[in-house]
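Working notes for the structure below.
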Amino acid sequence: MFSCALCEQESCYWSNLCPSCRKVKHYMSCFTRDRVVEVLDNVLARTEDKQNNKIELEVRKEIALKELSLKQKKKAKMNAEH
């Protein structure tokens, strides 16, 4: 029994990587190591301000989608009544 060579948190019996780290390795083979690191940096390595801006942007998008959905439902209901 060995610990995972990457995360060093999980025990590995048959290989040197745990299932989660093997998945990361698979992504690196599908794309490139540089692309995977770039995505991780862009997504996870945000300052708190950028994180808050991203959250606010996503919330605004979600609100806009819900408002659109409500308008469409209301319009469909009005059309069904006539």
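All residue numbers in this chain count up from 1 along the given sequence.
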**Asked** Are the side chains of R22 and S15 in touch, meaning some heavy atoms are under 4.5 Å apart?
**Response** yes

**Request:** Mind checking the SG-NZ spacing from C30 to K23? Nearest 0.5 Å is all I need.
**Result:** 11.5 Å

**Message:** To the closest 0.5 Å, what do you measure between CD1 (I63) and CD (E58)?
**Reply:** 11.5 Å

**Prompt:** Backbone N or O of M28 within a donor-acceptor pair of the R33 side chain at under 3.5 Å?
**Reply:** no

**Spacing of I55 atom CD1 and Q51 atom CD [to the nearest 0.5 Å]** = 6.5 Å

**Asked** Which residues satisfy the side chain to side chain donor-acceptor pair (under 3.5 Å) test with E48, sequence neighbours excluded?
**Response** none

**Prompt:** Considering the options L40, D41, V36, N42, which one meets the side-chain contact (heavy atoms from CB on, under 4.5 Å) requirement together with E38?
**Reply:** N42

**Message:** Check for me, please, whether L44 and F31 land in the same ILVMFWY cluster - side-chain distances under 4.5 Å, paths through other members count.
**Reply:** yes

**Prompt:** Measuring from L57:CG to E62:CD, what's the distance to the nearest 0.5 Å?
**Reply:** 11.5 Å

**Prompt:** What closest approach, in Å, do C12 and C18 show between heavy atoms, and which atom pair accounts for it?
**Reply:** SG-N, 3.4 Å

**Prompt:** Salt-bridged, E67 to K71, with N to O below 4.0 Å?
**Reply:** no

**Prompt:** For C4 and L17, which heavy atoms make the closest approach, and how far apart are they?
**Reply:** SG-CA, 3.8 Å

